[in-house]
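As structure tokens, the structure follows; a few thoughts come after it.
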Amino acid sequence: MFFCDYPIKNNELGLPLFIDNIGKHTCQPHTARSSGFAFSQVLYCTRGSGVLCIDGKSTDILPDTAIFLPALYPHEYYPTSDDWDIHWVVPDGYACKGVLDYLGFDRPMVFEIRDIALLEHFFSRMHQSIIGDSINGNMRASGYLYNFLIELAGQKNSERVVRTSNKAIVTAIDHINNCFKNKITMSELCEVTDLSKQQLCRLFKRYLNSRPMEYIAKRRIQAAKELLRSTDMSIEDIAESVGFCSGSYFCKLFARYEGMTPTQFKSV
């Protein structure tokens, strides 16, 4: 089976993100692009096996594996089995690069997919939207594209944490989730992870783009938001219950991370 949808671009050209093309090949042929492809690409394998060659290195591409290739990045891939089922999505739009960069797709990468059924769901929705409506189909598909990329990024980030040989970041997050209502110090996190302060900070920056104390504050704010919406507790009581030392400090950080005060959030 082979298909490739190249939607006629109409009104969607004004959208920040839309599909340039999307397709599937159940027996993906040998493809070599010495100058790369004009657009960034997401590919994933559902069956068979093949090899991706980039930067002089070869990587086996097996089922439940995803590939991201930036625009104009030289690459080559070819099958090593009779059937090699490859799906691809090529996004476009004036905000496309910014969205991809923000989601961590800023360089070539290969990673394992945990839940391929969910990606297949969004892929199918994009395909059906395009072929089912030649006028507005690609605009509708752009919404599914956004969901597809968000889900892909989530699986990529989860894969990075779970598959790393260092379990310290998982241990640290578990400790924070269990103890955020109490005072947590850097020394305490270093002790439970058996890392130095510098090592722990580097891990948090790499996997969460955050400092450890910043992540703790955000976790407390997450819990506070639930209480703001579901209880009649005072701001001071909520701040204390989720681990902040004072109501004023809680309000200061809440406004910094949420763009509004706790009182404003409660009334929205």
Side-chain angles (χ1 to χ4, degrees), residues 1-5 17-28 40-52 54 59-70 77 79-81 83-91 93 96 99-132 140-174 176-177 203-204 206-210 215 218-219 222:
M1 178 182 178
F2 168 80
F3 71 79
C4 185
D5 302 327
L17 195 66
F18 58 86
I19 294 172
D20 178 79
N21 75 85
I22 178 175
K24 172 182 177 179
H25 209 311
T26 54
C27 189
Q28 175 65 47
S40 295
Q41 307 170 76
V42 174
L43 308 95
Y44 64 92
C45 174
T46 59
R47 187 178 59 182
S49 61
V51 171
L52 170 70
I54 52 174
T59 303
D60 291 331
I61 306 300
L62 304 175
D64 300 338
T65 301
I67 304 168
F68 175 74
L69 295 171
Y77 47 82
T80 54
S81 62
D83 295 325
W84 191 33
D85 194 329
I86 292 292
H87 296 52
W88 67 88
V89 178
V90 179
C96 181
V99 170
L100 291 174
D101 286 350
Y102 181 80
L103 294 175
F105 296 111
D106 55 356
R107 62 192 182 282
M109 60 185 70
V110 176
F111 55 94
E112 183 181 341
I113 301 171
R114 294 179 295 104
D115 186 359
I116 201 165
L118 191 52
L119 292 180
E120 286 278 72
H121 167 74
F122 292 129
F123 182 91
S124 176
R125 291 285 187 170
M126 288 186 283
H127 173 57
Q128 293 300 327
S129 295
I130 292 171
I131 66 173
R140 189 173 295 108
S142 68
Y144 295 120
L145 171 61
Y146 189 81
N147 289 330
F148 176 88
L149 293 175
I150 292 291
E151 177 59 29
L152 190 71
Q155 297 204 29
K156 169 180 67 70
N157 292 334
S158 174
E159 181 268 350
R160 286 175 66 194
V161 174
V162 172
R163 291 182 66 191
T164 178
S165 59
N166 190 333
K167 296 182 180 180
I169 189 71
V170 177
T171 301
I173 292 172
D174 285 344
I176 291 169
N177 286 335
L203 279 179
F204 268 77
R206 178 182 178 188
Y207 293 116
L208 300 169
N209 195 31
S210 178
Y215 183 84
K218 290 179 177 179
R219 179 63 182 90
Q222 180 187 48

- Evaluate the criterion side-chain contact (heavy atoms from CB on, under 4.5 Å) for residue pair Val51 and Asp60; output intermediate values, then yes/no. CA-CA 5 Å; Val51 171; Asp60 291 331; 3.7 Å; yes
- Taking it one step at a time, do Phe105 and Val42 satisfy side-chain contact (heavy atoms from CB on, under 4.5 Å)? CA-CA 10 Å; Phe105 296 111; Val42 174; 5.8 Å; no
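Note: Phe68 CZ to Leu149 CG = 9.0 Å, rounded to the nearest 0.5 Å. Note: Asp106 CG to Ser40 OG = 10.5 Å, rounded to the nearest 0.5 Å. Rounding to the nearest 0.5 Å places OG1 of Thr59 at 6.0 Å from CD1 of Ile54. Of the inter-residue distances, the one linking His87 atom NE2 with Leu119 atom CG reads 10.0 Å to the nearest 0.5 angstrom. Here the straight-line distance linking atom CG of Leu69 with atom CZ of Arg107 works out to 13.0 Å at 0.5 Å rounding. Residue Asp64 holds its CG atom at 9.5 Å from CG of Asp115, rounded to the nearest 0.5 Å.
For Gly104 against Met109, the heavy-atom pair with the smallest separation is O-CE, 3.1 Å. In terms of heavy atoms, Ser49 sits closest to Leu62 at CB-CD2, 3.6 Å. When every heavy atom of Trp84 is checked against every heavy atom of Gly48, the shortest pair comes out as CD1-C, 3.8 Å. For Leu17 against Tyr146, the heavy-atom pair with the smallest separation is CD2-CD1, 4.0 Å. Among all heavy-atom pairs drawn from Arg114 and Gln155, the shortest one is N-OE1, 2.7 Å.
Residues passing the ring-ring contact (aromatic ring centres under 6.0 Å, His included) test with His25 are Phe2, sequence neighbours excluded. With sequence neighbours left out, Thr26 forms a side-chain hydrogen bond (donor to acceptor under 3.5 Å, both in side chains) with no residue at all. Residues passing the side-chain hydrogen bond (donor to acceptor under 3.5 Å, both in side chains) test with Asp83: none are found, sequence neighbours excluded. Listed by chain and number, the residues in a side-chain hydrogen bond (donor to acceptor under 3.5 Å, both in side chains) with Asn209 are Lys205 (sequence neighbours excluded). Taking the side-chain hydrogen bond (donor to acceptor under 3.5 Å, both in side chains) definition, one finds that Ser142 meets it with nothing, sequence neighbours left out.
Between Thr46 and Glu120, the closest side-chain pair of non-hydrogen atoms falls below 4.5 Å. Trp88 has its side chain out of reach of Ile67: every pair of non-hydrogen atoms, C-beta onward, lies at least 4.5 Å apart. Side-chain contact check for Tyr77 versus Leu43: some heavy-atom pair is nearer than 4.5 Å.
Ring geometry, Tyr215 versus Phe204: the interplanar angle exceeds 60°, so the pair is classed perpendicular (tilted spans 30 to 60°). Ring orientation note: the planes of Phe123 and Tyr44 are nearly perpendicular, at an angle over 60° on the 30°/60° scale.
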Show which side-chain atoms of residues 125-132 pair as donor or acceptor with protein atoms under 3.5 Å away, not counting sequence neighbours.
{"unit_1": "His127", "atom_1": "ND1", "unit_2": "Asp5", "atom_2": "OD2", "d": "2.5"}
{"unit_1": "Ser129", "atom_1": "OG", "unit_2": "Arg125", "atom_2": "O", "d": "2.8"}

